[in-house]
Amino acid sequence: MTDRPVRVRFAPSPTGYFHVGGTRTALYNWVLARQQGGAFILRIEDTDEERNREEWVEGIYDAMRWVGLDWDELYRQSERKALYEAAAQQLEASGRAYWCECTRDDVDARAKERGGPPGYDGFCRDRGLRRGEGRALRFRTPDEGTTVVHDLIRGDVEFDNATIDDPVIVRSTGVPIFVLANVVDDADMRISHVIRSEEHLPTTPKHILLWEALGHGEPPLYAHPPVVVNEKRQKLSKRRDPVALELYRDEGYLPDVMLNYLALIGWSPPDHRERFTVEEMVREFSLDAVGKSPGFFDVKKLRAFNADSIRALPVDEFVAAVEPFAARLSWADRFDLERFRTVAPLVQERIEVLTEAAPMVDFLFLDEPEIDETSWAKTMNTDAISVLDAAATAWESIAWVPETIGEATLGIAEQLGVSRKKAQAPVRVAITGRTVGPPLWESLEILGRDVALARLRAARAKLG
RNA sequence: GCCCCCAUCGUCUAGCGGCCUAGGACACCGGCCUUUCACGCCGGCAGCACGGGUUCGAAUCCCGUUGGGGGUGCCA
């Protein structure tokens, strides 16, 4: 069984935004396939017609492409219904499945009445019902014995068959349920390893039982990596947590950083490095090195990784990466890529996500700096007037390069008997609008002497 | 309720019986550098959930307790 060719699948359902948790599951699958020279299959599990939407399917493709998880084969379950129907008929014919007309309310009511555990009680098991309106097909699970899940991450997990209810496998509408379609496809696609998140572990015995009932022999190898959780340690939810991968893409996270960080929730390379490329991961990944306990999705650490990677980017790549984000700015028409290129190295080491890049140097592109009120109030005191006047005078005749601009500006401090900080701050606010930003002397050089002097005068005028 | 999983600093983890006085990273707090911010460098805070075993020796193995999570759908 282990010498079967490696064929893995990632099987998302298009019922919402593409999830960071799902990205990690996809990554583990993809890495194993690439490492073993196997196939990575993308299977869209769109059997639930009520909840699926075509735009979510597109979202899956976009997200996978963004992080570079390319697939070798693509399937959609909505196009494979005949296969599931055939499997259902086979199970019915062999007596392993039966039609049931109980509604959810019936099942609940009976459970309550007998005071036992909730769940289906096998009411229609031997009623010999035929297919018909309002009837669903249930799989008859064994009443005795145990089913063992051999899990590559967790070891053997044993389930008592008596605790496994008969699951519905075909809805009364004729549409197959996840468990059926999933097993039929895994068999048909000759999947060797089923790697899916921990939440599926409790239903895995049903998959195995079904697999055997269908006569497929040895089931695939299973591996259930732990779930990714939020700060309250609950499974990330599309509803309450910011988990859409596209959210991170739009905020300016690098795709390789996403993969690196996500891989680290539950796995680390043999030498304990934290930063690695996908190539390195393909080389070193091993399922039995995947941890068992749930991991918190820590955006702060993600940001730190991202900042680090942005800094390490060759300048040209950094500039190219910023361009699409600049295009979304409210002042996008004023943005100039070549001018940005001149400050890019200075910006690069000061941001954590790409969306922060252009706004940090907006004053280089706008006609007038956008004044931050707090910064202004903090710096534009009575000393500021003499500082601004002195700067204007000093700047008139010097060579317009960072070194001399710096010398001249800091010279004001001595001349006026104020601290260097005090001399620099009002000038920075007059020029950039804020107390913090990229190195000022370099910024001034790019801005040019005329514009610089004009901004000094404008600020001076506002002070009266 | 029942079934299943999990348990090392706040967080992600290293550790797979002696190398542990428990290592790294993020976060946080100091300091240095410095035209602001950031980078960089130096330092600090902080953890084996609890109780029993097994063993010469346990963070590591076993049992129990507690805690957390997942499942229990005609969702996936």
Side-chain angles (χ1 to χ4, degrees), chain A residues 11-15 45-48 50-52 100 102-104 107 111 115-120 134-138 149 151 153-154 157-160 162-165 167-179 181-182 196-205 224 226-227 229 231-235 261 264-268 270-275 291-305 307-308 311 346-352 360 375 379 402 405-407 409-410 413 420-421 423-425 427-429 432 434-442:
Chain A
S13 60
T15 53
E45 305 224 327
D46 53 354
T47 53
D48 187 351
E50 308 269 299
R51 303 200 306 155
N52 297 323
C100 169
C102 301
T103 63
R104 178 79 211 189
V107 173
Y120 186 65
R135 290 176 183 172
L137 189 67
R138 282 188 190 269
V149 178
D151 189 289
I153 294 171
R154 292 161 203 282
V157 183
E158 212 173 291
F159 294 84
D160 192 342
T163 64
I164 304 172
D165 292 341
V168 167
I169 53 177
V170 178
R171 297 173 173 84
S172 53
T173 55
V175 177
I177 289 284
F178 160 72
V179 62
N182 199 269
R196 54 165 39 152
S197 97
E198 185 188 4
E199 69 205 74
H200 294 287
L201 182 55
T203 60
T204 302
H224 292 91
V227 289
V229 299
E231 61 288 336
K232 285 153 79 182
R233 304 215 67 83
Q234 296 163 317
K235 184 177 78 166
Y261 178 69
L264 222 39
I265 305 178
W267 180 79
S268 60
D271 66 358
H272 315 148
R273 253 173 322 137
E274 289 206 311
R275 301 306 313 271
K292 299 185 182 102
S293 39
F296 171 54
F297 184 76
D298 185 359
V299 182
K300 280 191 174 169
K301 187 153 183 170
L302 211 212
R303 280 184 87 89
F305 276 21
D308 200 48
R311 256 178 259 129
L346 269 23
V347 174
Q348 213 175 340
E349 63 173 43
R350 287 176 171 72
I351 60 167
E352 294 181 311
M360 175 170 281
S375 296
T379 54
I405 296 170
E407 277 169 19
T409 311
L410 291 178
R420 291 179 145 207
K421 282 190 183 181
Q424 184 253 170
V427 174
R428 179 178 288 278
V429 172
T432 73
R434 294 179 288 264
T435 53
V436 302
L440 191 52
W441 320 150
E442 285 79 357

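Everything quoted here is computed from the prediction, not taken from an experiment. Letters A, B, ... mirror the listed sequences (proteins, then strands); counts begin at 1.
Rounded to whole Å, the distance from CZ on A:F297 to P on B:U13 is 13 Å. Protein atom CD of A:E442 is 14 Å distant from nucleotide atom C1' of B:A38, rounded to whole Å. Atom-to-atom, CG of A:D271 to P of B:G15 comes out at 11 Å; the value is rounded to the nearest Å. Between the CZ atom of A:F296 and the C1' atom of B:A7 there is a distance of 18 Å, rounded to whole Å. Rounded to an integer number of Å, the gap from CZ of A:R273 to C1' of B:A14 is 14 Å.
In this structure, A:P226 and A:K292 approach most closely via the heavy-atom pair CB-O, 3.5 Å. For A:F296 against A:Y261, the heavy-atom pair with the smallest separation is O-OH, 3.5 Å.
Nearer to the 5' terminus of RNA chain B, by closest-nucleotide assignment, is the contact made by A:I265 (compared with the other of A:I265 and A:D48). Across the interface with RNA chain B, nearest-nucleotide mapping of A:P439 and A:S268 shows A:S268 to be the residue nearer the 5′ end.
Counting any heavy atom pair closer than 4.0 Å across all strands shown, A:R311 reaches sugar-phosphate atoms only and no base atom. Residue A:E158 is in sugar-phosphate contact alone, with no base atom involved, counting any heavy-atom pair closer than 4.0 Å across all strands shown. Using a 4.0 Å heavy-atom distance criterion, A:Y261 is classed as making no nucleic acid contact. Residue-level contact check: A:R434 touches neither bases nor backbone, having no heavy atom under 4.0 Å from any strand. Within 4.0 Å of A:F178, counting heavy atoms only, lies at least one base atom of the nucleic acid. Nucleic acid contact class of A:L440 (heavy atoms, under 4.0 Å, all strands): base. Residue contacts for A:E274: at a heavy-atom cut-off of 4.0 Å it reaches a base atom on one of the strands shown. Counting non-hydrogen atoms under 4.0 angstrom, A:G291 reaches nothing in the nucleic acid. Nucleic acid contact class of A:P167 (heavy atoms, under 4.0 Å, all strands): none.
Under the 4.5 Å side-chain criterion, counting only non-hydrogen atoms from C-beta, A:N182 is not in contact with A:H200. Contact check for A:K235 versus A:E198: no side-chain heavy atoms found under the 4.5 Å cut-off.
B:G10 sits 29 Å from B:G53 when the P atoms are compared, rounded to a whole Å. Nucleotides B:C45 and B:A25 place their C1' atoms 16 Å apart, quoted to the nearest Å.
Counted by atom type alone, A:S375 and A:R428 present zero donor-acceptor pairs between their side chains at under 3.5 Å.
Contact annotation: A:T432 does not reach the phosphate of B:U36 (side-chain N/O to OP1 or OP2, under 4.0 Å). Using a 4.0 Å cut-off, no side-chain N or O of A:R233 falls inside it from OP1 or OP2 of B:C6. In this structure, A:R420 reaches the B:U35 phosphate: one of its side-chain N or O atoms is under 4.0 Å from OP1 or OP2.
Pair check for B:A7 finds B:U66; Watson-Crick or G-U wobble, both atom distances under 3.5 Å. A 3.5 Å limit on both hydrogen-bonding distances identifies B:U72 as the Watson-Crick or G-U partner of B:G1. When Watson-Crick and G-U wobble pairs are counted only if both distances are under 3.5 Å, B:C16 pairs with no nucleotide at all. In this structure B:G43 sits in a base pair with B:C29, meeting the Watson-Crick or G-U test at under 3.5 Å.
Taking A:W441 as the reference, nothing meets the ring-ring contact (aromatic ring centres under 6.0 Å, His included) condition, with sequence neighbours excluded.
The side chain of A:K300 approaches B:C26 more closely than any other nucleotide in the set B:C26, B:C39, B:C12. Of the candidates B:G15, B:A76, B:G69, B:G69 carries the atom nearest the A:V227 side chain, counting heavy atoms from C-beta on.
Counting distance only, with no hydrogens placed and no angle test, the side-chain atoms of A:Q234 and the base atoms of B:G68 include no donor-acceptor pair under 3.5 Å. Applying the 3.5 Å distance criterion, the base of B:A27 shares no donor-acceptor pair with the side chain of A:K301.
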For nucleotides 71-74 of chain B, give me every protein contact, N/O to N/O, under 3.5 Å, one pair per line with atom names.
{"from": "B:G71", "atom 1": "OP1", "to": "A:K235", "atom 2": "NZ", "distance (Å)": "2.8"}
{"from": "B:G73", "atom 1": "O4'", "to": "A:R104", "atom 2": "NH1", "distance (Å)": "3.2"}
{"from": "B:C74", "atom 1": "OP1", "to": "A:R104", "atom 2": "NH1", "distance (Å)": "3.4"}
{"from": "B:C74", "atom 1": "O2", "to": "A:S172", "atom 2": "N", "distance (Å)": "2.9"}
{"from": "B:C74", "atom 1": "O2", "to": "A:S172", "atom 2": "OG", "distance (Å)": "3.0"}
{"from": "B:C74", "atom 1": "N3", "to": "A:S172", "atom 2": "OG", "distance (Å)": "3.1"}
{"from": "B:C74", "atom 1": "N4", "to": "A:C102", "atom 2": "O", "distance (Å)": "3.4"}
{"from": "B:C74", "atom 1": "N4", "to": "A:G134", "atom 2": "O", "distance (Å)": "3.3"}

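A salt bridge is defined here as a Lys NZ or Arg NE, NH1 or NH2 lying under 4.0 Å from an Asp or Glu carboxylate O, and A:E50 with A:R171 fails to meet this definition.
Residue ring and nucleobase are stacked for A:W441 and B:U35, with a centre distance beneath 5.5 angstrom and an angle between planes beneath 30°.
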One pair to check against side chain to side chain contact (heavy atoms under 4.5 Å, CB included): A:Y120 and A:C100. What are the steps and the verdict? CA-CA 11 Å; A:Y120 186 65; A:C100 169; 3.2 Å; yes
